[in-house]
J.: 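This structure is in C-alpha cells; I'll ask about it shortly.
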Amino acid sequence: METVSGKTAASLGRNRVLQNKRIVELDGLRGFAALMVVVSHYVGEPAHGIRAVALGWLGVNIFFVLSGFLIGSIILEQHAQPGFFKRFYLKRAARIVPVYFVVFVLAIFAAGATTGHVWSDHPFSPFVYGSFTTNFFMSFSGADGGTWLKPTWTLAVEEQFYLLLPLLIVFTPRRFLVWVLGALWLGAIGFRIAFAGGNPIAALSLLPCRMDLLLSGVLIALAQRRFDLSRYRMALRIAPLAAAIGLLLVAALTPARYFTLFSGSITSIGIAGFLLAIMHGAPEGARFRAPWLRYFGQISYALYLVHQPVSGLLHGLLLNGAPDVATPAQIAVTILSAGVSVALAAASWRWLESPILGWAGRSVKTRKEPRLEVQGAA
C-alpha cells in the first residue's frame, strides 16, 4: 500500500479539503460507524445479545462529528457564492429526503398491516417523520415510536442542524465565529444538565443537547481552513486515547448521570482529533481506505434506515417474535436480515440515491463545488 510521509503527509488533510479532493478515509470511517450501529442493534442490544458490542451510541457520535465536519466544510467553502442557500438546501434535500420518505412510509404501512401481532411496531404518525421531529416527540410525548423507525431521531437532529448552521455561519461576523461556535459547544453541556434530571430522553435526543458533537466537526473544518495543523499530528493521534481514558474515568469514578452529561463532549474531542489525524496522514487511516469499508460508507445512509424494520419484519414473519439471538433460528434470521438490509441499501444507492444526487448536482453546478459530499447520516 502506498505510504505518505514527511511534510506532504502532514499537510494532506488541509490540502485535500482546500483543493476539493475526496478524503476516502472518511468514507471508510462512515462505513465503519454504520456497521457499529447495525451490529449493536442486531447483536448487542437484543434481550440475549452480547453487551460488549452494543456500541451503536459511539457509531452515532462518529456520524454526528463527521457530518458536522463535512457540512461545515461545504458551507465555509461556498457560503459567499451567489445562490448559496438555494444550492445548499436543494442538495441536502436531494440527499436526505427521497430514501427517507420511502423507508418511513413503507415501515408505517408494514406496521399497520401487521397490527395485532405481538411483534408488530407502533410508529408515530407520518407527520412526525415527515417533519423530521422524531426527537421532539420522543422527548415530550411519553411514547417512543417503536423500534423500526427509532434511528430517525438522529436524522431529525442532523436535519435541524443543517437547517440552522448555514444561517449561523453566514450571519455571524468572521471575527466572532469561533467564539460563537465554542459557546454553543459548551452550551450543549448546560442543556444536558438542564434536561437530565427531569427528561433524560430529551438530554440525549434534542439538538441543543447534542450540538457539541456536530459543532466539533464544524470547528475542525474551520481549523483546517485557517491553520496548518501538521505540527500537532502526534497530539491529534493521542486525542482518541485520551478521550477513551476520560470516558473510563467518568464511568468508574462518578455517578452514572455524569456519563450522560459529559460523554458526548468527551467523545466529540476524541473523534474530532481522530478525523484530523487520519486526514493528516496518520497510519491509522490506512484501514479506512479498504474498498469494502468505503462501499459500506457509500450505502450507509439507506443501511442505517432499513436495517431495523427489515429485522423486525423478518423475525416477526418467520419466527413470530421480536429480534433476538438466543437460538440458532434467531441467529439465522439475524444474518438473513443483515444480508437483506445490505442488498436493499445497495439497490437504493444504485437506483434511487445516486440518480437523484446526479440530477441535483447538474441542477446546481457552480464554479467551485467541494466534493466533500455527505453519503450517509446517523
J.: Less than 6.0 angstrom separating the ring centers of Tyr100 and Phe132, yes or no?
T.: yes

J.: Does Leu247 form a side-chain contact (heavy atoms from CB on, under 4.5 Å) with Phe259? I'd like the steps, not just the answer.
T.: CA-CA 8 Å; Leu247 286 175; Phe259 192 85; 3.9 Å; yes

J.: Does Arg192 have any salt bridge (Lys or Arg N to Asp or Glu O under 4.0 Å) partners at least two apart in sequence or in another chain, and if so, which?
T.: Asp212

J.: For Pro151 and His41, which heavy atoms make the closest approach, and how far apart are they?
T.: CG-CE1, 4.2 Å

J.: Taking the side chain as every heavy atom from C-beta outward, state whether Ser337 and Val333 have any atom pair closer than 4.5 Å.
T.: yes

J.: Do you know which of Arg289, Arg30, Arg287 makes side chain to side chain donor-acceptor pair (under 3.5 Å) with Glu25?
T.: Arg289

J.: Measure from the side-chain N and O atoms of Ser354 to the backbone N and O of Arg350, and report whether any donor-acceptor pair falls under 3.5 Å.
T.: no

J.: Would you say Thr334 and His315 are linked by a side-chain donor-acceptor pair, where the criterion is simply a distance under 3.5 Å?
T.: yes

J.: Could you tell me which residues satisfy salt bridge (Lys or Arg N to Asp or Glu O under 4.0 Å) with Glu45, sequence neighbours excluded, listed by chain and number?
T.: none

J.: Check whether any side-chain N or O of Ser139 sits under 3.5 Å from a backbone N or O of Asn135 as a donor-acceptor pair, and report yes or no.
T.: yes

J.: Can you list every salt bridge (Lys or Arg N to Asp or Glu O under 4.0 Å) pair that touches residues 273-284, not counting sequence neighbours?
T.: Arg237-Glu284

J.: Please determine whether side-chain contact (heavy atoms from CB on, under 4.5 Å) holds for the pair Asp144 and Trp153, giving the CA-CA distance in whole Å, both sets of side-chain angles, and the decisive distance to 0.1 Å.
T.: CA-CA 10 Å; Asp144 64 4; Trp153 76 265; over 6 Å; no

J.: Is the backbone N or O of Phe64 less than 3.5 Å from a side-chain atom of Ser67, with the two atoms forming a donor-acceptor pair by type?
T.: no

J.: Given a cutoff of under 4.5 Å between side-chain heavy atoms of I, L, V, M, F, W and Y, with clusters grown through shared members, what are the other residues clustered with Leu204?
T.: none

J.: Taking C-beta and beyond as the side chain, do Leu163 and Tyr89 meet within less than 4.5 Å on heavy atoms?
T.: yes

J.: Linking I/L/V/M/F/W/Y whenever their side-chain heavy atoms sit closer than 4.5 Å, directly or via other members, would Trp292 and Tyr301 fall into one cluster?
T.: yes

J.: Taking the side chain as C-beta and beyond, is there a heavy-atom pair between Trp185 and Ser268 under 4.5 Å?
T.: yes

J.: Can you tell if the side chain of Leu214 reaches within under 4.5 Å of the side chain of Leu165, non-hydrogen atoms only?
T.: no

J.: Before accepting this row, confirm whether a basic side-chain N of the pair Glu353/Arg95 lies closer than 4.0 Å to the acidic partner's carboxylate O.
T.: yes

J.: I would like to know whether Phe195 and Leu206 meet side-chain contact (heavy atoms from CB on, under 4.5 Å); could you show each step before the answer?
T.: CA-CA 10 Å; Phe195 280 109; Leu206 293 181; 3.9 Å; yes

J.: Any chain of hydrophobic side-chain contacts (each under 4.5 Å) joining Leu317 to Ile108?
T.: no

J.: Parallel, tilted or perpendicular, judged at 30° and 60°: which one describes the rings of Phe84 and His79?
T.: perpendicular

J.: Between His307 and Tyr304 (side chain of the first, backbone of the second, donor and acceptor by atom type, cut-off under 3.5 Å), is there such a pair?
T.: yes

J.: Each residue besides Leu253 in its hydrophobic cluster should be listed here, by chain and number; the cluster joins Ile, Leu, Val, Met, Phe, Trp and Tyr at side-chain heavy-atom distances under 4.5 Å.
T.: Leu241, Ile245, Leu249

J.: Is the shortest side-chain N to carboxylate O distance from Glu77 to Arg225 below 4.0 Å?
T.: yes

J.: When rounded to the nearest 0.5 angstrom, what distance separates CZ in Phe274 from CD1 in Ile238?
T.: 14.0 Å

J.: Report yes if the distance between the aromatic ring centroids of Phe104 and Phe101 is under 6.0 Å, otherwise no.
T.: yes

J.: Using a 4.5 Å cut-off between side-chain heavy atoms of Ile, Leu, Val, Met, Phe, Trp and Tyr, which other residues end up in the same hydrophobic cluster as Ile335?
T.: Val325, Ile331

J.: To the nearest 0.5 Å, tell me how far Leu70 CG sits from Leu26 CG.
T.: 6.0 Å

J.: Measure the shortest side-chain to side-chain distance between Leu229 and Gln224 over non-hydrogen atoms and say whether it is less than 4.5 angstrom.
T.: yes

J.: Can you tell which of Ile220, Leu186, Leu181 makes a side-chain contact (heavy atoms from CB on, under 4.5 Å) with Leu215?
T.: Leu181

J.: Does Arg226 reach the main-chain N or O of Ala221 with its side chain, forming a donor-acceptor pair under 3.5 Å?
T.: no

J.: Please report the shortest heavy-atom distance between Ala156 and Thr134, naming the atom on each side.
T.: CB-N, 4.0 Å

